[in-house]
Amino acid sequence: MKIRKGDYGYRNSNKRMRMAITGVLILAILIQLAARLFTDSQAAKNILTVMAVLTVLPMANMASPLLAGFRYRTPSEEFHSRLKPREKDFRILYDLILTTKSHVIPVDAAVVHPNGVYCFCTAQKLNLQKAEKELNTLFSDNHLDPNVKLITDEKSFFRRLDSLKPASECADEGTVDYGAQLLKNLSM
């Protein structure tokens, strides 16, 4: 069963898939370069070299997000089990790695609510105010209320969730689904 972006376990699943494809592409590059040794034709050597160079491009496309998000793992099952009962009240996205122009923001869980988006972020060295401002600008540019909050303390995150009304009790003009899709689009 394929784990989609926003589902619990996506980071680890995506990392395994990217590692496998990158490995196959590296192997293909090495085979193409090794095949040059078994031919005497200069034209064949040139073609094999060009093929190897062209294979580097998709390999780099697979490897660059892998390198950027390599240190971020799927949160613990305990964290997931604490959030699972709240899925009936809120739209929750898991395992996102949001990218802006100057930040890579690991979000273990993002609660998309009609009153705002509350993200539990595990990055210790992240400039929260700057990253939050960039995310709010992106939300404004996409015609959504700039109401994104990054929370790094797990207790504060769960306290904030406890203070929210269930999404079904709040007025929603499709902003929850649109906001959730925007977060998925911003994620690697």
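The figures here come from the full heavy-atom set of this structure, side chains too, leaving out hydrogens, waters and symmetry mates. Small disclaimer: the values here were computed from a predicted structure and weren't measured.
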Closest non-hydrogen atom pair, Ala44 against Thr39
CB-OG1, 3.6 Å
Rounded distance [0.5 Å steps], CE in Met59 versus CG in Leu57
9.0 Å
Give the table of side-chain donor-acceptor pairs shorter than 3.5 Å for residues 20-29, with sequence neighbours excluded, one pair per line with atom names and distance.
unit_1	atom_1	unit_2	atom_2	d
Thr22	OG1	Arg18	O	2.7

Rounded distance (nearest 0.5 Å) linking atom NE2 of His143 with atom CG of Leu182
11.0 Å
Please tell me if the side chains of Leu138 and Leu186 come closer than 4.5 Å, counting only heavy atoms from C-beta onward.
yes
Between Val148 and Cys119 the two heavy atoms that sit nearest each other are CG1-SG, 4.3 Å
Salt bridge or not between Asp108 and Arg11? Use side-chain N to carboxylate O under 4.0 Å.
yes
So does Glu77 get a backbone contact from the side chain of Ser81, meaning a donor-acceptor N/O pair under 3.5 Å?
yes
Indicate yes or no for a side-chain donor-acceptor contact from Glu132 to the backbone of Lys149 under 3.5 Å, with no hydrogens or angles considered.
no
Rounded to the nearest 0.5 Å, how far does CG of Asp145 lie from OG of Ser140?
8.0 Å
Go through the steps for Gln181 and Asp177 under the test side chain to side chain donor-acceptor pair (under 3.5 Å), then give the verdict.
CA-CA 6 Å; Gln181 190 58 45; Asp177 291 334; over 6 Å; no
Side-chain contact, heavy-atom cut-off 4.5 Å: Glu134 with Ser102?
yes
From OG1 (Thr74) to NZ (Lys15), nearest 0.5 Å
7.5 Å
Does Asp153 form a side-chain contact (heavy atoms from CB on, under 4.5 Å) with Arg159? I'd like the steps, not just the answer.
CA-CA 10 Å; Asp153 179 52; Arg159 254 186 278 133; 4.2 Å; yes
For Asn142, does the CG atom sit with more than 12 other heavy atoms under 6.0 Å from it, leaving out its own atoms?
yes
Check whether any side-chain heavy atom of Asn12 sits under 4.5 Å from a side-chain heavy atom of Ile3, and report yes or no.
no
Would you check if Leu126 and Ile105 make a side-chain contact, meaning some heavy-atom pair closer than 4.5 Å?
yes
Aromatic rings Tyr8 and His80: how do their planes relate, parallel, tilted or perpendicular, breaks at 30° and 60°?
parallel
Stepwise side chain to side chain donor-acceptor pair (under 3.5 Å) test for Ser13 and Arg16
CA-CA 5 Å; Ser13 171; Arg16 283 190 301 271; 4.6 Å; no
Please check if the distance between the ring centroids of Phe120 and Phe79 is under 6.0 Å.
yes
With distance as the sole test, does Thr152 use its side chain to make a donor-acceptor pair with the main-chain N or O of Thr122 at under 3.5 Å?
no
So Gln42 and Asn46, side chain to side chain donor-acceptor pair (under 3.5 Å) or not? Walk me through it.
CA-CA 6 Å; Gln42 188 60 39; Asn46 291 344; 3.1 Å; yes
Under the side-chain contact (heavy atoms from CB on, under 4.5 Å) test, residues paired with Arg36 that sit two or more places apart:
Leu33, Lys45, Leu48, Thr49
Could you list all the side-chain hydrogen bond (donor to acceptor under 3.5 Å, both in side chains) pairs where at least one residue sits in residues 50-73, not counting sequence neighbours?
Gln32-Thr55
I need the Leu183 CG to Leu135 CG distance, nearest 0.5 Å.
7.5 Å
Please confirm whether the backbone N or O of Val117 pairs with a side-chain atom of Asn147, one donor and one acceptor, at under 3.5 Å?
no
Less than 4.5 Å apart, any side-chain heavy atom of Phe158 and any of Leu83?
yes
So which atom in Phe139 and which in Pro146 form the shortest heavy-atom distance, rounded to 0.1 Å?
CB-CA, 4.4 Å
The reported gap from CE in Met62 to CG in Leu67 (rounded to nearest 0.5 angstrom) is 12.5 Å
Check the hydrophobic clustering (I, L, V, M, F, W, Y; side-chain heavy atoms under 4.5 Å; chains of links allowed) and say if Val107 and Tyr178 are grouped together.
yes
Is there a side-chain contact between Tyr94 and Ile92 in this structure, where contact means two heavy atoms from C-beta onward sitting under 4.5 Å apart?
yes
For a 4.5 angstrom cut-off between non-hydrogen side-chain atoms, does Pro75 reach Asp95?
yes
Would you kindly check if the NZ (Lys) or CZ (Arg) of Arg4 is within the cone defined by 45 degrees around the ring axis of Tyr10 and under 6.0 Å from the six-membered ring centre?
no
Would you call Lys84 and Glu87 a side-chain contact if the rule is heavy atoms closer than 4.5 Å?
yes
Within a 6.0 Å radius of atom CE on Met19, are there more than 12 heavy atoms belonging to other residues, nucleotides or ligands?
no
What are the two closest non-hydrogen atoms of Ala131 and His103, and how far apart are they?
N-CE1, 3.8 Å
Take Arg86 and Asp162 through the salt bridge (charged side-chain N to carboxylate O under 4.0 Å, His left out) test and state the conclusion after the steps.
CA-CA 10 Å; Arg86 299 168 193 256; Asp162 291 337; 2.8 Å; yes
State whether the side chain of Lys184 and the backbone N or O of Gly6 hold a donor-acceptor pair below 3.5 Å, judged by distance alone.
no
Give a yes or no on whether Leu96 and Val104 share a hydrophobic cluster (residues Ile, Leu, Val, Met, Phe, Trp, Tyr; joining criterion: side-chain heavy atoms under 4.5 Å apart).
no
